[in-house]
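These notes concern the structure reproduced below.
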Amino acid sequence: MITPRTLKGFRDYPPASMIPRERLIDTARAVYRSFGFAPIDTPALEYREILEGKAGEESNKQLYRFEDHGGREVALRFDLTVPLARFMAQHAANLGTPFKRYHIATVWRGENTQRGRYREFMQCDFDTIGTRSVAADIETALVIHDLMQALGLTAFTIHLNNRQVLNGLLEKIGLADCAAAVLRALDKLPKIGPDKVAAEMAATAGATPEQAQAVLQMAGLSGTNGEILAQLTPLLAGQETGQAGITRLREILAGLEAAGIEERRIRLDVSIARGLDYYTGVIYETFLDPLPEIGSVCSGGRYDNLAGLYTRQELPGIGASLGLDRLLAAMEELGLLESHRTTASVFIPYFDPGRLNDYLRLGALLRGAGYATEIFPEARKLGQQLKYADQRGFQVALIAGSNELDSNQCQLKELATGNTHTFSLTPPATELLAAIQKIVD
RNA sequence: GUGGAUGUAGCUCAGUUGGUUAGAGCACUGGAUUGUGGUUCCAGGGGUCGGGGGUUCGAAUCCCCUCAUCCACCCCA
């Protein structure tokens, strides 16, 4: 016998985990579409050179690579952004810009596992390609906001920052050359504290204590969004990039306010940097107020040149990605996941062996009226079947044996309470459907 | 990839300095109740002690290797 097992970092999803997972994906899809984003998909497997071009050393180590049967060097995609870049380089001419797409798909990374970190996981990206407009920056935050609300999350904060502001400061104090190392250190601020961040900046970027102090001072700005903007202006006096960044942030905050977003949902946070090198403008990270320690559940930002490796055409854009698995873990911890093990709400026990066709007719009637209905597959004792229905979280059972069917009736039982009433099955069975509607809502 | 911890029934865990046939609770299946679930009672199924090798008269227990999970680093979703 072969031992049944799954690879490290790869998982099975039984119904209890797949049902909430699909619900989350459905919600994301609906929100993306409500802003006019259109779906795309790309192959899981790409030519290795396509994926290796952008990624940088760390990502390349995590790439699943192999040679296919035709001797081609291939690799599994490790995110959805690089495939998007390749996709745009190939199709931008036909698609036209601006182009708004969403992409919900599985990606693979051969890195070490940890809670909420797997080797196969799903990303839910949305991006707006081909525009530098502040409108796209604002809309990205609106999508994140609506997504959180649609998921039933009531306490979240979208942190935003602008790489231009960070870069402006680094240029001003002479650290522009090692921006990536400085920002990587800065990203750890909430985790390891200012002293260690300064130490790391000195070690990896060669920052002097004065330089490190200047970065930390700016990152530590606090107050309302308006107050932080006001403090930023003198710090970047005479620094063109930085001033442009401040102006952009001001426009975004004004736009979000105009769109009706509550101020407490948006926090200007000069300390967030995001590790990824390709961000050049506004950056977003979304935290759940009761669970800040799990990190950002939806992050993204603006980039100047998405597909520079694959085409001469300059494609600026902005996008963000929902951390599906992280968010699921958080929602479970917050008790926001209903643990349904069924996708139907009406259960029809099959307990009179000679009446299968009646049950099939009944099922068709209910499905036709819009109620997902399951008929038990074999004629067993009624008690057993009700137990099955109860355990799986059905809301109502529609019970009918010869006694009822002979007089064209059925019993409707609300499983949570045990309340049972008898209804006529004579079409259009309005009273029965109304009673179901009342329970299922 | 580096460092540390853990691995006994589907789940949570007991298991004495190595010593008969490895236990409990919950879950599961059946019955009490052959047309009405969640409670109760009774009975039952289910374990190569993660896997492989070694030490020993004897290993769940000690040693080595391996696989997996968790934590930290790294990086990130």
Side-chain angles (χ1 to χ4, degrees), chain A residues 1-11 14 16 24 28 55-63 77-81 104-125 180 183-185 187-188 191-192 196 200 204 273-277 279 285-286 293-300 319-330 347-353 355 376 379-406 410-422:
Chain A
M1 276 251 263
I2 300 163
T3 309
R5 53 186 187 151
T6 48
L7 282 165
K8 179 185 176 77
F10 289 71
R11 296 168 293 164
L24 207 157
E57 259 178 62
E58 274 305 322
S59 300
N60 283 346
K61 274 199 302 194
Q62 300 178 354
L63 213 53
R77 64 178 171 217
F78 68 94
D79 72 5
L80 299 178
T81 303
I104 300 175
T106 307
V107 303
W108 295 267
R109 290 185 196 175
E111 67 176 332
N112 231 341
T113 56
Q114 237 178 83
R115 172 196 290 281
R117 293 176 63 173
Y118 307 96
R119 290 182 170 177
E120 178 182 67
F121 59 97
M122 191 162 262
Q123 290 195 324
C124 309
D125 280 26
L183 297 182
R184 209 172 302 128
D187 239 2
K188 297 176 190 168
K191 211 168 183 181
I192 64 177
K196 287 188 176 169
E200 183 170 329
T204 62
R274 311 267 319 128
L276 294 174
D277 302 339
Y279 288 127
E285 295 204 331
T286 311
E293 69 277 6
I294 68 160
S296 172
V297 295
C298 191
S299 315
S321 182
L322 179 69
L324 186 77
D325 292 285
R326 198 178 265 187
L327 191 54
L328 273 171
F347 180 75
I348 300 181
Y350 172 21
F351 76 102
D352 192 331
R355 293 289 194 159
F376 197 75
R380 272 200 215 159
K381 289 202 298 189
L382 183 57
Q384 286 179 12
Q385 297 189 52
L386 287 174
K387 191 172 178 185
Y388 170 94
D390 186 48
Q391 288 170 334
R392 264 150 242 255
F394 282 91
Q395 292 170 284
V396 296
L398 215 157
I399 302 168
S402 293
N403 296 351
E404 290 83 3
L405 291 170
D406 286 343
C410 73
Q411 291 180 36
L412 181 69
K413 184 178 192 106
E414 181 176 6
L415 287 164
T417 59
N419 292 339
T420 304
H421 298 284
T422 300

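Note that the structure is predicted; figures quoted are calculated from it, not measured. Within every chain, numbering begins at 1; the chains are lettered A, B, ... in the order of the sequence lines, protein sequences first and strands thereafter.
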- request: Answer with base, sugar-phosphate or nothing: what part of the nucleic acid does Gly9(A) contact at a heavy-atom distance below 4.0 Å?
  value: sugar-phosphate

task: Describe the nucleic acid contact of Glu111(A) in one word from base, sugar-phosphate, nothing, applying a heavy-atom distance below 4.0 Å.
output: base

- request: List in chain and number order the residues that pass ring-ring contact (aromatic ring centres under 6.0 Å, His included) with Tyr350(A), two or more places apart in sequence or in another chain; answer none if no residue qualifies.
  value: Tyr359(A)

Between [X] and [Y] (side chain of the first, backbone of the second, donor and acceptor by atom type, cut-off under 3.5 Å), is there such a pair?
X	Y	answer
Glu404(A)	Gly401(A)	yes
Arg77(A)	Thr106(A)	yes
Asp125(A)	Ser321(A)	no

Would you measure the distance from the [atom1] atom in [N] across to the matching atom in [M] and give it in whole Å?
N	M	atom1	result
C65(B)	G4(B)	P	12 Å
C49(B)	A68(B)	C1'	16 Å
G1(B)	G47(B)	C1'	36 Å
C62(B)	G19(B)	P	11 Å
C64(B)	G7(B)	P	16 Å
G51(B)	U56(B)	P	23 Å
A59(B)	G3(B)	C1'	30 Å
G23(B)	U48(B)	P	15 Å

[X] [atom1] - [N] [atom2] separation (whole Å):
X	N	atom1	atom2	answer
Asn112(A)	C67(B)	CG	P	12 Å
Gln385(A)	U29(B)	CD	P	13 Å
Arg119(A)	C67(B)	CZ	P	11 Å
Gln391(A)	A27(B)	CD	C1'	9 Å
Tyr279(A)	C76(B)	OH	C1'	11 Å
Arg117(A)	C71(B)	CZ	C1'	12 Å
Gln114(A)	G3(B)	CD	P	16 Å
Asp187(A)	A77(B)	CG	P	10 Å

[X] versus [Y]: any side-chain heavy-atom pair under 4.5 Å?
X	Y	value
Gln411(A)	His421(A)	no
Phe10(A)	Tyr118(A)	no
Leu412(A)	Thr420(A)	no

task: Can you figure out which of A72(B), A68(B), C75(B) approaches the side chain of Lys8(A) most closely?
output: A68(B)

message: From the set A77(B), C73(B), C75(B), return the single nucleotide nearest to any side-chain atom of Arg109(A).
response: A77(B)

- line: Intra- and inter-strand pairing of RNA chain B, written as dot-bracket with Watson-Crick and G-U pairs under 3.5 Å and | for the latter, reads (((((((..((((.....[...)))).(((((.......))))).....(((((..]....))))))))))))....

message: Across nucleotides 33-41 of chain B, 5' to 3', mark each nucleotide with B, S or - according to how protein heavy atoms within less than 4.0 Å reach it.
response: --BBBB---

message: Do Arg380(A) and Phe351(A) form a cation-pi contact, if we require the NZ or CZ to be under 6.0 Å from the six-membered ring centre and within 45 degrees of the ring's axis?
response: no

- prompt: Got a salt bridge between Glu111(A) and Arg117(A), using NZ or NE/NH1/NH2 to carboxylate O under 4.0 Å?
  reply: yes

message: Nearest heavy atom decides the nucleotide; on that basis, is Ile192(A) or Thr113(A) closer to the 5' end of RNA chain B?
response: Thr113(A)

task: Pick out which of Gln385(A), Lys413(A), Lys381(A) makes a side chain to side chain contact (heavy atoms under 4.5 Å, CB included) with Pro349(A).
output: Gln385(A)

message: More than 12 heavy atoms of other residues, nucleotides or ligands under 6.0 Å from NZ of Lys196(A): yes or no?
response: no

- prompt: Is Lys188(A) near enough to C73(B) that one of its side-chain N or O atoms lies under 4.0 angstrom from OP1 or OP2?
  reply: no

